[in-house]
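The structure appears right after this line, and notes come after that.
Below, chain A is the first sequence line, B the second, and so on; all start at residue 1.
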Amino acid sequence: MRSQIEGSRAVAEAVALCRPQVIPAYPISPQTHIVEALSERVASGALHPCVFINAESEFGAMSLAIGACATGGRSYTATASQGLLFMAEALYNAAGLGLPIVMTVANRAIGAPINIWNDHSDAMSQRDSGWVQLYAESNQEAVDLHVLAFRLAEELSLPVMVCMDGFVLTHAVEPVDLPDQAGVDAFLPPFRPRQVLDPVAPVSIGAMVGPEAFTEVRYLAHVRQLEVLDRLPDLAGELAALTGRRISAVTPYRCDDADTVVVALGSVLGTLKDTVDELRDEGLPVGVVGVTAFRPFPVRAVAAALAGARRVVVLERALAAGVGGIVTADVRAARPGVACRTVVAGLGGRPVTRASLRAMLLDAVADRLEPLTFLDLNREVVDRELARAAATRRSGPAAENILHDLAGGGR
Amino acid sequence: MNGQRTFFYQVGTFAVGNRLLDPAMRAGQADPDRANALTSGHRACQGCGEALGARYVLDAAMRATGGKLVVVNATGCLEVFSTPYPETSWRVPWLHSLFGNAPAVAAGAAATLRAQGRDDVRVIGQGGDGGTVDIGFGCLSGMFERNDDVLFVCYDNEAYMNTGVQRSGATPPAARTATTPVVGDRSGNRFGQGKDLPVIAMAHRIPYVATATVADLRDLEAKVAHAMSLHGARYLHVLVPCPLGWGTASGDTVRVARLAVESGLFPVFEAEHGEVTAVRPIRRRVPVADYLRLQTRYRHLFTPTRCDDVLDAIGAVAEDNIRRYGLIEHRDVEHREVSP
């Protein structure tokens with residue numbers, strides 16, 4: 001059914017269609033609307049017999065999901081930013097235990113300085129946690145990805161994170177088509193794990209594994225992640241039969257004869273495509289590659305999409321301080337030998353505008369782009385702080401230093 | 001180290017032998033068909049109080065639930081010594097997730113059982129004092145506050161024994177640990193409030209809170225059985241001496257636990273909905289020094305010179321417990337008998 005609906009509500013509807021049995025949640029912006037909508041559905045009885053639990057922390061929420069899932073209950077939660085980091089230990093644990101928990105991450109920056117707006121720092125920080133990471137370009141894709149996520153998770157015994165840009169998607173109201181219940185039921189059979197905590201057949205789960213077997217266990221975790229890439233096309237095909245829309249690990253856009261290609265994840269792809277359309281109209285051979293599956297990283301699909309490119313620009317909404325790009329390293333591994341530039345953009349909710357992208361792409365095409373560029377960086381502010389720091393080297397937080405200098409303080 | 005003498009019969013106990021009891025009243029462990037939830041072959045140290053306590057707790061819970069039990073374990077000695085992959089000593093469905101989340105994982109298991117209409121299967125979460133009073137405290141308090149249907153059992157050996165005897169929030173004053181060393185006139189763990197978790201649990205007004213020790217296993221079994229007859233959040237705090245960390249003889253585990261109670265340092269009581277309902281009276285009070293002297297973690301209080309000021313301060317703690325819970329005066333507070 002197609003309706004004009006907020007992204008968070010749409011995701012809540014999609015999750016509800018998947019018949020979760022346990023939803024532990026802890027509030028953090030910008031994820032709250034999703035679990036608010038789900039708590040409403042549980043309270044009204046619409047999701048019966050689902051149990052909604054107000055957890056005491058995100059660490060608690062993920063731990064509740066671990067217990068619920070290990071007992072055979074389909075479990076879902078949502079979080080963002082600091083909340084995801086507070087879960088970190090439990091995230092690795094859920095993945096290691098092979099628990100197919102599905103979680104929405106409403107992508108948001110990480111402090112300090114505290115910032116509630118969108119970028120990908122949170123999810124990127126957990127890229128090695130063993131969770132599958134799927135990034136939504138639009139609210140429609142977010143809805144489809146959630147339905148897919150439960151099936152993928154339960155078939156492969158892996159937890160799945162569906163990442164959607166905080167506010168940009170979660171709070172945007174736009175038309176979304178929701179699949180019907182019968183269709184989702186047909187696509188997603190009841191959760192029947194091989195091992196559960198059950199007195200009928202007692203098992204010990206979570207034993208200590210020593211040096212003699214740990215490498216093998218980790219190797220199998222890697223192989224299992226990679227299996228997602230093999231399984232995804234079939235499942236996406238099944239889902240497409242239901243929705244009419246097909247999800248791919250990687251989606252090239254106007255790449256066929258493009259010599260300059262931008263790689264990106266999430267909602268910025270829309271603006272990028274518009275910019276590319278504009279430049280194409282002007283005769284510039286540019287294209288875009290959207291990465292939906294970031295973990296596991298679809299090396300072959302990315303390589304194929306970039307096969308004709310002479311220049312690659314990776315647009316990143318996160319920063320690995322001390323290195324620069326995060327996604328860049330994986331893209332380079334997929335296309336070794338091709339000039340690969342990193343553009344860090346949209347940190348902490350800074351708008352990524354068509355004008356800025358256009359200027360950046362023109363620089364890229366003219367080979368004027370530095371190896372690492374911060375889009376729309378206020379050079380004046382940072383230069384002043386750098387000069388001050390060079391003159392007097394003392395500890396202190398950057399954000400407060402800038403304010404202090406603006407006020408003309410002399411400390 | 002303390003000398004050990006072997007007796008054919010326990011001494012210093014008032015417990016009635018099983019043979020004299022009505023069969024229905026006999027200890028769960030006397031039953032040849034006991035569950036052996038934690039079965040033999042595990043790697044616990046000789047004389048481990050935690051292994052003893054866990055076996056009695058879980059076997060009693062298995063008996064009380066007709067074997068319909070799920071157990072969630074925090075990281076710690078109990079987890080490590082029981083499950084060296086690919087072996088396991090557990091004969092119950094058992095899950096270990098992390099150090100600090102056992103109460104939440106247990107609550108999650110209970111939530112699934114509720115959602116699936118399998119409420120007859122009950123959930124126990126368990127861990128040591130570190131996993132309970134320190135790193136797991138947030139999750140435990142949340143589980144209490146929501147009144148999730150979980151019995152959480154803390155096996156309290158008063159320090160982080162698995163990592164080599166470091167101080168926890170449950171370490172008593174003056175005790176030597178690896179991080180509260182006795183150096184110069186610094187006398188082990190500093191005096192302070194400590195974290196009195198049974199009282200904190202009571203402040204949540206949960207249906208049931210009880211303390212017990214491995215010195216009175218019949219009492220421990222009865223409390224587990226009573227806890228499993230109730231629903232909602234329940235908390236059982238079991239004192240389990242650790243020969244390694246306390247510096248006690250392996251054969252003295254039960255004796256030391258008994259002296260902790262008889263000295264007044266470990267009050268044994270039950271509370272329902274935040275009110276104390278029963279206390280285990282001290283039968284024959286002993287000076288705290290009798291309890292402390294058996295443990296090398298308190299050796300610095302006796303050699304090279306006796307630290308009477310510290311012993312008096314510890315004695316005052318015991319005195320306060322006796323007054324607070326009426327461990328001696330109020331013999332009229334009846335100990336609940338266990339129904340057959």
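- Both tests do not hold together for R167(B) against Y160(B): distance to the six-membered ring centre under 6.0 Å, angle to the ring axis within 45°.
- Note on R118(B), E79(B), E87(B): by heavy-atom pairs under 4.5 Å with chain A, the leading option is R118(B).
- Evaluation of the side chain to side chain donor-acceptor pair (under 3.5 Å) test over residues 53-64 of chain B, restricted to residues two or more places apart or in two chains, returns Q29(B)-R55(B), Q29(B)-D59(B).
- Heavy-atom distances place both the backbone and the side chain of L197(A) under 4.5 Å from chain B.
- Between chain B and the options I66(A), D198(A), L97(A), the largest number of non-hydrogen pairs under 4.5 Å is found for D198(A).
- Contact of V70(B) with chain A is made through the side chain alone, with heavy-atom distances under 4.5 Å.
- Within the 4.5 angstrom heavy-atom criterion, atoms from both the backbone and the side chain of S204(A) approach chain B.
- Atom NE2 of H222(A) has 12 or fewer heavy atoms from other residues, nucleotides or ligands within 6.0 Å.
- Of the listed residues M62(A), H48(A), E212(A), Q21(A), the one with more heavy-atom pairs under 4.5 angstrom with chain B than any other is Q21(A).
- Considering only heavy-atom pairs separated by less than 4.5 Å from chain B, the leading option among A70(A), C69(A), A207(A), A55(A) is A207(A).
- Contacts between A65(A) and chain B at a heavy-atom distance below 4.5 Å are absent for every atom of the residue.
- Rounding to the nearest 0.5 angstrom, the gap separating the CG atom in L38(B) from the OG atom in S82(B) is 6.5 Å.
- Ring planes of W94(B) and W90(B): parallel class, angle under 30° (limits at 30 and 60°).
- Only the backbone of V203(A) has a heavy atom closer than 4.5 Å to any heavy atom of chain B.
- Classification of E155(A) and R151(A) as a salt-bridged pair holds, one side-chain N sitting under 4.0 Å from a carboxylate O.
- With ring centers used as reference points, Y208(B) lies 6.0 Å or more from Y235(B).
- Heavy-atom pairs under 4.5 Å with chain A were tallied for P84(B), A102(B), G108(B); the largest tally goes to G108(B).
- Heavy-atom distances place no part of A94(A) under 4.5 Å from chain B, backbone and side chain included.
- No other option in G67(B), G138(B), S141(B) has as many heavy-atom pairs under 4.5 Å with chain A as G138(B).
- Using cut-offs of 30° and 60° on the angle between ring planes, the pair F86(A) and F59(A) is tilted.
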Verify side-chain contact (heavy atoms from CB on, under 4.5 Å) between M103(A) and Y76(A), making sure each step is shown before the conclusion.
CA-CA 6 Å; M103(A) 173 167 66; Y76(A) 167 85; 5.7 Å; no
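- By the 6.0 Å contact criterion, CG on L244(B) is open, its count of non-hydrogen atoms from other residues, nucleotides or ligands being 12 or less.
- Interface summary for chain B: among P24(A), G73(A), A61(A), the most heavy-atom pairs under 4.5 angstrom belong to G73(A).
- For chain B, the option among G72(A), C50(A), G96(A), A201(A) with the highest count of heavy-atom pairs below 4.5 Å is G72(A).
- For L95(B), the parts sitting under 4.5 Å from any heavy atom of chain A are the backbone and the side chain alike.
- Ranked by heavy-atom pairs under 4.5 Å with chain A, the first of A111(B), G142(B), A107(B), S97(B) is S97(B).
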